[in-house]
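Take a look at the structure below.
Just follow the structure's listing: the first ligand is 1, and inside any ligand the first atom is 1.
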Amino acid sequence: MKQKLYFLWLILVVFSAFAQESSRKWNNKKCAVVLTYDDALNVHLDNVVPSLDQYGFKGTFYVIASSPNIANRLDEWRAIAHNGHELGNHTLNHPCDGSLPGREWVNPEADLSRYSIERAIHEINMTNTFLKALDGKDERTFAYPCVDLTIGGKTFYDLVEKDFAGARGATPEYPIAKQVNLSNITGFVEVNSTAEQMIAEIEAAEKAESFVVFVFHGVGGEHPMNVDLKEHQKLLDYLKKREKDIWVATMLDVAKYIKKEQTK
Ligand SMILES: [Zn+2]
């Protein structure tokens, strides 16, 4: 009887170890979280970076190369890149498709629907050259301004795909690593979100053996798409507490990991 029980116990131990192993598909953790911040805002340097550094997390900052916030604080952007944060390519002028409904606000000078594909590619390449001059790095990711993937119905990212580890979009889905489209990586746009809402998204990802890419703009102000600084801090607090199970990394590191998983 005793022997039988021992045998049963052994099966249980082996099985639970196996189950745990199979659910650790993200760099040996249960899921991954990517913290991305768009549009080169001052609050990223003033609010976000000090918070991330406090917890030892690395974020991805999708910068607009022509932004005065870049020109005015060049040394600080360079310093955060040297500290392990990623400077992602969010193009030179952030063109958005002004021909779409509700896009009356688009400046004709930065209207993607008036761009040729050649011009879009040229400006993306120029931004890569600028970012390399700034941080010395050869690898980075791209983020579509306004999540506009096409010009006149034609995609343009395929022409620069070889220069990036991946391109972040903003479709809030929970794919497993093998099903991620690296040319349009999922993203959860956060506007006025509470920490509780964002944590629920992480827990859903964990269940689905997936990951969450948070898309932030303002954090503590400076942009109409804003998240309260306190809620952002609570989110980081949660991520720190769950460090054993959640992999927090840059879009670059997670995109490279996904690529490796897909070519296995
Ligand atoms: Zn943007």
Taking all non-hydrogen atoms of both residues, which atom of K240 and which atom of F57 are closest, and how far apart?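 So the minimum-distance heavy-atom pair works out to N-CZ, 3.6 Å.
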Could you tell me whether K132 and D163 have a side-chain N and a carboxylate O separated by less than 4.0 Å?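 No salt bridge links K132 with D163.
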Less than 4.5 Å apart, side chain to side chain, heavy atoms only: is that true for T91 and E123?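 No. Closest side-chain heavy atoms not under 4.5 Å.
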Residue pairs involving residues 224-264 (criterion ring pair (Phe, Tyr, Trp, His ring centres under 6.0 Å); sequence neighbours excluded):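 Passing the test, one end in residues 224-264: Y37-H232, F216-H232, W247-Y257.
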Hey, could you give me each pair passing side-chain hydrogen bond (donor to acceptor under 3.5 Å, both in side chains) that has a residue in residues 174-187? Not counting sequence neighbours.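 Matches after skipping sequence neighbours: E161-S183.
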For the Zn ion (ligand 1), how many protein N, O or S atoms come closer than 2.8 Å?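 My tally for this metal is 3.
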Co-members of I117 in a cluster of I, L, V, M, F, W and Y side chains, linked at under 4.5 Å: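 Answer for I117: L112, Y115, I121, I124, F142, Y144, V147, L149, I151, F156, Y157, L159, V160, F164.
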